[in-house]
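What follows is one structure encoded as structure tokens, with my remarks underneath.
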Amino acid sequence: MAERPEDLNLPMAVVTRITKEALPDGCMVSKEARLALSKAASVFVLYATSCANTVAQKSKRKTLTAPDVFTAMEEMEFETFLEPLRDSLEAYRKEQGQMKERKAAKKKEKEEKEAAERALKDATKESESLVTSELAQTVENGETEEVAMEDGTESDVPQVIE
């Protein structure tokens with residue numbers, strides 16, 4: 001629980017933003033009015049929380065759920081807010097589902113990329129190992145071939161026999 005009553009107030013920036021969005025352009029709101037709105041909103045949230053908690057306790061639960069809040073709104077006689085509240089909750093859930101899907105797709109893409117990189121690295125190591133092995137066998141058998149180098153000199157290079 002909050003130690004001071006001021007801790008229960010909504011941040012003034014949030015109250016100012018919500019107020020500006022709700023009022024027509026050019027309408028001014030005094031600092032006192034914003035403070036009063038902040039306190040009123042905080043009282044409303046506390047009251048709604050208390051009512052929702054009562055609903056949850058009647059159901060012998062300690063966790064508040066969205067249906068508890070809906071029931072509390074009805075008991076508080078704020079039925080007009082129920083439909084917008086349900087719509088907002090549905091939009092939130094949909095957005096969360098989409099974010100979860102995007103995150104899963106991104107994770108899958110990353111895992112596929114890492115798997116491809118590991119496969120390429122393993123294939124490269126295997127090729128290097130095979131070439132080294134064949135080269136060692138050729139040198140061991142003494143099979144070499146004279147090859148002209150780019151600088152015009154000649155060099156004995158092991159010949160790989162397939």
Side-chain angles (χ1 to χ4, degrees), residues 1-138 160 162:
M1 201 60 197
E3 293 179 20
R4 302 175 308 178
E6 303 86 49
D7 293 343
L8 299 174
N9 291 336
L10 294 174
M12 290 306 288
V14 172
V15 173
T16 301
R17 181 175 44 87
I18 292 171
T19 305
K20 283 184 178 181
E21 289 176 8
L23 295 173
D25 289 339
C27 190
M28 303 295 287
V29 179
S30 71
K31 185 176 180 179
E32 252 181 16
R34 286 193 306 266
L35 183 61
L37 286 169
S38 175
K39 288 182 185 278
S42 296
V43 169
F44 176 78
V45 170
L46 288 170
Y47 181 54
T49 302
S50 177
C51 289
N53 187 46
T54 302
V55 171
Q57 285 178 344
K58 285 178 184 176
S59 300
K60 297 182 178 17
R61 290 182 287 107
K62 291 184 178 182
T63 304
L64 300 181
T65 62
D68 296 333
V69 176
F70 297 147
T71 303
M73 295 296 281
E74 288 174 354
E75 289 178 3
M76 294 166 36
E77 298 181 7
F78 282 100
E79 293 89 2
T80 56
F81 292 112
L82 284 175
E83 196 58 38
L85 186 58
R86 284 187 177 108
D87 292 344
S88 294
L89 180 61
E90 183 61 35
Y92 171 78
R93 286 177 175 165
K94 185 176 181 180
E95 182 181 321
Q96 291 299 307
Q98 290 171 344
M99 285 176 37
K100 189 175 181 180
E101 288 173 3
R102 284 193 298 267
K103 189 175 179 179
K106 189 175 181 179
K107 183 179 178 182
K108 183 178 178 183
E109 183 179 309
K110 181 180 176 183
E111 288 172 352
E112 288 174 352
K113 181 180 177 183
E114 288 172 351
E117 288 173 353
R118 279 192 304 274
L120 180 60
K121 188 176 179 180
D122 291 347
T124 302
K125 282 183 180 179
E126 190 175 312
S127 290
E128 289 172 353
S129 176
L130 183 60
V131 168
T132 303
S133 160
E134 289 179 358
L135 189 59
Q137 186 179 13
T138 303
V160 178
E162 295 184 27

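We number each residue from 1, following the sequence as shown. These numbers come from the heavy atoms of this one structure, side chains and all, not from hydrogens, waters or symmetry mates.
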Pair Q98-R102, side-chain contact (heavy atoms from CB on, under 4.5 Å): steps then yes or no: CA-CA 6 Å; Q98 290 171 344; R102 284 193 298 267; 3.9 Å; yes
More than 12 heavy atoms of other residues, nucleotides or ligands under 6.0 Å from CD of E77: yes or no?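 No, the 6.0 Å shell around CD holds no more than 12 heavy atoms from other groups.
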In chain order, what residues pass the side-chain contact (heavy atoms from CB on, under 4.5 Å) check against F78, with sequence neighbours excluded?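 F78: side-chain contact (heavy atoms from CB on, under 4.5 Å) contacts with F44, M73, M76, F81.
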Any residue meeting side-chain contact (heavy atoms from CB on, under 4.5 Å) with V14, in chain and number order, not counting sequence neighbours: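 If we apply the side-chain contact (heavy atoms from CB on, under 4.5 Å) test to V14, skipping adjacent residues, the hits are P11, R17, I18.
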Quick one: which of R118, E117, K125 gives a side chain to side chain contact (heavy atoms under 4.5 Å, CB included) with K121?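 When side chain to side chain contact (heavy atoms under 4.5 Å, CB included) is applied between K121 and each of R118, E117, K125, only K125 qualifies.
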Identify the heavy atoms of [X] and [Y] that sit nearest to each other, and give their distance.
X: R86; Y: E74; answer: NH2-OE2, 4.3 Å
X: C51; Y: A72; answer: CB-CB, 3.6 Å
X: F70; Y: L82; answer: O-CD2, 3.5 Å

To the closest 0.5 Å, what do you measure between [atom1] ([X]) and [atom2] ([Y])?
X: T54; Y: L64; atom1: OG1; atom2: CG; answer: 9.5 Å
X: T16; Y: L37; atom1: OG1; atom2: CG; answer: 9.5 Å
X: N53; Y: Q57; atom1: CG; atom2: CD; answer: 4.5 Å
X: Q96; Y: L89; atom1: CD; atom2: CG; answer: 10.5 Å
X: L10; Y: L35; atom1: CG; atom2: CG; answer: 11.5 Å

Applying side chain to side chain donor-acceptor pair (under 3.5 Å), can you list everything that pairs with T65, at least two apart in sequence or on another chain?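 Checked T65 against side chain to side chain donor-acceptor pair (under 3.5 Å); matches are D68.
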Could you tell me whether the side chain of K107 reaches within less than 4.5 Å of the side chain of E111, counting heavy atoms only?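 Contact flag for E111/K107 side chains = yes.
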Are E112 and E114 packed together at the side-chain level, in the sense that at least one heavy-atom pair is separated by less than 4.5 angstrom?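 The answer is no; the side chains never approach within 4.5 Å.
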Main-chain N/O of L46 paired with S50 side-chain donor or acceptor, under 3.5 Å: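 Flag not set: sc S50 to bb L46 has no pair under 3.5 Å.
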Main chain of R34, side chain of S38: is a donor-acceptor contact present, judged purely on distance under 3.5 Å?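 Absent.
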